[in-house]
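Proteins come first, then strands; the chains are lettered A, B, ... in the order of their sequence lines, and each starts at number 1. As the structure is a computational prediction, the values presented were derived from the model and not from experiment. Values below: all heavy atoms of this structure, side chains included; hydrogens, waters and symmetry mates excluded.
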Amino acid sequence: MSSQQDFRAATRQWLESNCPESMRTPMVQDEIVWGGRNPSFKNPDGKLWMERMAERGWTCPTWPTEYGGGGLSKDESVVLRQELARINARPALTSFGIGMLGPALLEYGSHAQKLEHIPKIVRGEIRWCQGYSEPGSGSDLASLNTKAELQDEHYIINGSKVWTSYADKADWIFCLVRTDFDVPKHSGISFILFDMASEGISTNPIQLISGSSPFCETFFQDVRVPAANLVGRLNEGWTIAKRLLQHERTMISSFGLASGQSDRGGTTSTVASVEGAAMHYRGDKDRLSDPVLRDEIAQFKIDSEAFAYTSQRSIEESRQGQGPNATSSMLKNYGCELNKRRYELLLKAIGSQGLGWEGEGFADDELQLTREWLRSKGNSIEGGTSEVQLNVIAKRVLGLPDILSINKK
Amino acid sequence: MALVLSEDQQLLKDAARNFCQQSSPLSVLRGLRDSKDEAGFDAAIWKQMLELGWAGMAVPEAYGGFQFGYGGLGVVLEETGRTLTSSPLISTVLIGATAVNELGSEQQKASLLPAIVGGELLISLALDEHNFHKPSHIETTATPTSDGFELNGNKTFVLDGHVAKKFIVVARSSGNRESKEGISLFLVDSGSTGVTVTRTLMVDSRNAAKISLDKVAVTEADVLGELDKGFVGLDGVLDIARIGLAAEMLGSIREVFERILEYLKQREQFGVLIGSFQGLQHRAANMYSEIELCKSVVRAALSALDDSDKSRQEIAELASIAKAKLSEVFMLVSNEGIQMHGGIGMTDEFDIGFFLKRARVAQQFLGDASFHRDRYASLKNF
Ligand SMILES: Cc1cc2nc3c(=O)[nH]c(=O)nc-3n(C[C@H](O)[C@H](O)[C@H](O)COP(=O)(O)OP(=O)(O)OC[C@H]3O[C@@H](n4cnc5c(N)ncnc54)[C@H](O)[C@@H]3O)c2cc1C
Ligand SMILES: Cc1cc2nc3c(=O)[nH]c(=O)nc-3n(C[C@H](O)[C@H](O)[C@H](O)COP(=O)(O)OP(=O)(O)OC[C@H]3O[C@@H](n4cnc5c(N)ncnc54)[C@H](O)[C@@H]3O)c2cc1C
């Protein structure tokens, strides 16, 4: 206990002297630090903060020091998280490497693969994207068709992926490929890593309904990948793929968590919290004058708090050695539905000021909110749709029989 | 009360459907958005609509109209809702012409209605002042002057406000700001001194504007309806508008639903059509049921408008029933439209997102579901 208190004191002191002031303000979208070969830092403090945190391995606090991680115990990492929250510190580094690939690679990668990739993830030197979905293989991910054929120590990759978030900005991809077409679909999949600068790769950004273009179509034509880049054993990639999805879902489920007083990632604007916005836009002082909306918001808040306790409990349970499990499907589904509700309520809160697209007549944060509302609709699709999560819950948690097994190849 | 279309209405609906599908598909709205079109609607298509007589659909023959009734206008709106056609049909025909026809003097009707039917006049109601629809909460003032009134105030969500030649401005000529007494309507030229129009680009790519009125002079002859007692008439016009809007929403809802069904019968995952999953089937069946209710309330409300035996109270109830129900179901169906299409539903290139955006605006305009449930309860005295 006392060692934990020491750790807290030391951490607090270190953060006090190392977290730049501007990194203790609410995050703004275009200052998120993604890292990568050609990183962009709109705010120079972002670079400083990332580098300082990475040096201690605190961008990935629980990862082994051997690979550049922080080597913290679960308890210590909880303390670090609390201390970061105490000063409202921004995330020093955000990436698919941290949220998805890293944990899977630590579990399934070879020592050489970990040595090559993990430190670069910790330091934000390589930005990763996820090559899972294909035009014909979304929910039925295991039916994927992108092909990898072994030819003199290389896999030759042909096919295409779709909805690949930030494929146009990523340096490397973790990709699911089919290495055997003659066995049941789950048994012919491999998990492979390669450089997006390889010859034969092209990406084509796709615009979302919110107007931004974060995801892409990604094409592979005779892309040569060293055979050593295959993670785990040949044709056993599905296990890794699913494990990674659990990490992804846990990450996405955090959309459902409000941050402190705010519903929108700590912004200070009038539309930061649902109840704040509802009162502000009605000119209410102490009490929201619309009783129906008040009830709806209260219901939402209660669900949010209950969800936060559930996320917390799930972390504590996993600390006792259970790891993310099928309940991550419950968290993902509930968190995403909560986030969608939050945005519906935020728009309700501000009425016709939430109906703008661009230009005059709307404040910047109102326009931003409308776009975020549209973007939130994708939460129940990305990382496996809500329907897929509910199927996983029904099958894996509740043990209900599976009608699809009748249709298995 | 006829809950099925008459033969004439069916013919009109078929013709409207043909026209919209052929001449005004959703790609037109997309094009207007992408080119940041100045008018925000396609003038050539509007001209064809005028030739089809749509601007005079509910206008009496005496004023150049075709006396097809609101039932006629409703079926046209349902079809423009399917293709999300952007045109002055809502602002000028459904609301503007209705206001003039219902409230105007003989002289006002004779001068304005033929111009609307002929397409020379775009006219728009300038009502809302806040982020929420509260038609009796009017702060724009009309202060008497030696030869009329002076108007001061701000209006928002004024449909087609950037291209309208005239506004029907709802202003307070007496009473406190929450009172239904003391509200008057004024015809104001958009070019009048003191009128500033700011076009607002809306998420549904349809047209609206904010308007500020700074010492705008109007005369006694510009008063539409009775001075100080404008609210009752306004409320009646709003109910017609709400019902017409509900008809347009019905068309959009049916279109989204048909697109969903088509996709469920076409997209395969796990080696089967996704429409074979009960998780989706039950939701589709539920939407179908809700849409059946929507069709009924829209028909009931439209036919009540053309039925002279219906009381003001009955129409008000039907308007709130229709707008509440359709707002709720449009949100449901347009959200499902995205979700059931998966990743492709989130793309701009795919049309389904336009319906979600339209749903959000349409449900808000002229009162959202919660406004109309509250109003319904008041109308029913509970
Ligand atoms: C914003 C965003 C970012 C994304 N980023 C990435 C990324 O970086 N990398 C990547 O690989 N992918 C990414 N995706 C893709 C995402 O994982 C897929 O879109 C998702 O898995 C659904 O697949 P699909 O789009 O093919 O939909 P489909 O699988 O075709 O689904 C269509 C509908 O059918 C339903 N359905 C399917 N099967 C069942 C069933 N058995 N029971 C009930 N209902 C069912 C679905 O839930 C959905 O409602 C992203 C998607 C979005 C929206
Ligand atoms: C984005 C996304 C996220 C997902 N997240 C998860 C998740 O966290 N947990 C999860 O269980 N599923 C997850 N899935 C898979 C999802 O559960 C399935 O798509 C859905 O349940 C349909 O079944 P299936 O394809 O997994 O086949 P299932 O019928 O579910 O397959 C049964 C199980 O047996 C395994 N299996 C079958 N044959 C073989 C084989 N030859 N070799 C090895 N294993 C075999 C599968 O891996 C699977 O776990 C996810 C899917 C997507 C698209």
Return the option, out of [options], with the maximum number of heavy-atom pairs under 4.5 Å with chain B.
options: G361(A), G211(A), G351(A), S386(A); answer: G351(A)
options: L367(A), L347(A), V292(A), L390(A); answer: L347(A)
options: G136(A), S133(A), S143(A); answer: G136(A)
options: S380(A), G354(A), S213(A); answer: S380(A)

Most heavy-atom pairs under 4.5 angstrom with chain A, which of [options]?
options: K210(B), R373(B), Q339(B); result: Q339(B)
options: E349(B), R360(B), Q364(B), R267(B); result: R360(B)
options: L201(B), I344(B), T198(B), V361(B); result: L201(B)

At a 4.5 Å cut-off on heavy atoms, which part of [X] comes close to chain A: side chain, backbone, both, or neither?
X: N335(B); answer: side chain
X: R206(B); answer: neither
X: H133(B); answer: neither

How many angstroms lie between atom [atom1] of [X] and atom [atom2] of [Y], to the nearest 0.5 angstrom?
X: Q363(B); Y: L355(A); atom1: CD; atom2: CG; result: 7.5 Å
X: M202(B); Y: S352(A); atom1: CE; atom2: OG; result: 6.5 Å
X: H341(B); Y: T385(A); atom1: NE2; atom2: OG1; result: 14.0 Å
X: F350(B); Y: Q207(A); atom1: CZ; atom2: CD; result: 15.5 Å
X: M331(B); Y: E344(A); atom1: CE; atom2: CD; result: 4.0 Å
X: R282(A); Y: K134(B); atom1: CZ; atom2: NZ; result: 8.0 Å

Closest approach of [X] to [Y] (non-hydrogen atoms, all atoms of both residues):
X: Y281(A); Y: F132(B); answer: O-CE1, 3.4 Å
X: K357(B); Y: L374(A); answer: CE-CD1, 3.7 Å
X: F362(A); Y: T200(B); answer: CE1-CB, 3.7 Å

Exercise. Hey, which of I338(B), V203(B), I352(B) is the one that makes side chain to side chain contact (heavy atoms under 4.5 Å, CB included) with I209(A)?
Worked result: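 Among I338(B), V203(B), I352(B), the one meeting side chain to side chain contact (heavy atoms under 4.5 Å, CB included) with I209(A) is I338(B).
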Problem set entry | Contacting moiety of I206(A), where chain B heavy atoms sit under 4.5 Å |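 Side chain only.
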Exercise. What part of A349(A) lies closer than 4.5 angstrom to a heavy atom of chain B: side chain, backbone, both or neither?
Worked result: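 Only the backbone of A349(A) comes within 4.5 Å of chain B.
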Give a yes or no on whether [X] atom [atom1] has more than 12 heavy-atom contacts from other residues, nucleotides or ligands under 6.0 Å away.
X: N176(B); atom1: CG; answer: yes
X: E178(B); atom1: CD; answer: yes
X: Q281(B); atom1: CD; answer: yes

For this session: Indicate yes or no for a side-chain donor-acceptor contact from E387(A) to the backbone of L280(B) under 3.5 Å, with no hydrogens or angles considered.
Result: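 Answer holds: no.
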Exercise. Counting N and O atoms only, with roles assigned by atom type, does the side chain of Q269(B) sit under 3.5 Å from a partner on the main chain of G138(A), one being a donor and the other an acceptor?
Worked result: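 Judged by distance alone, yes, a pair lies under 3.5 Å.
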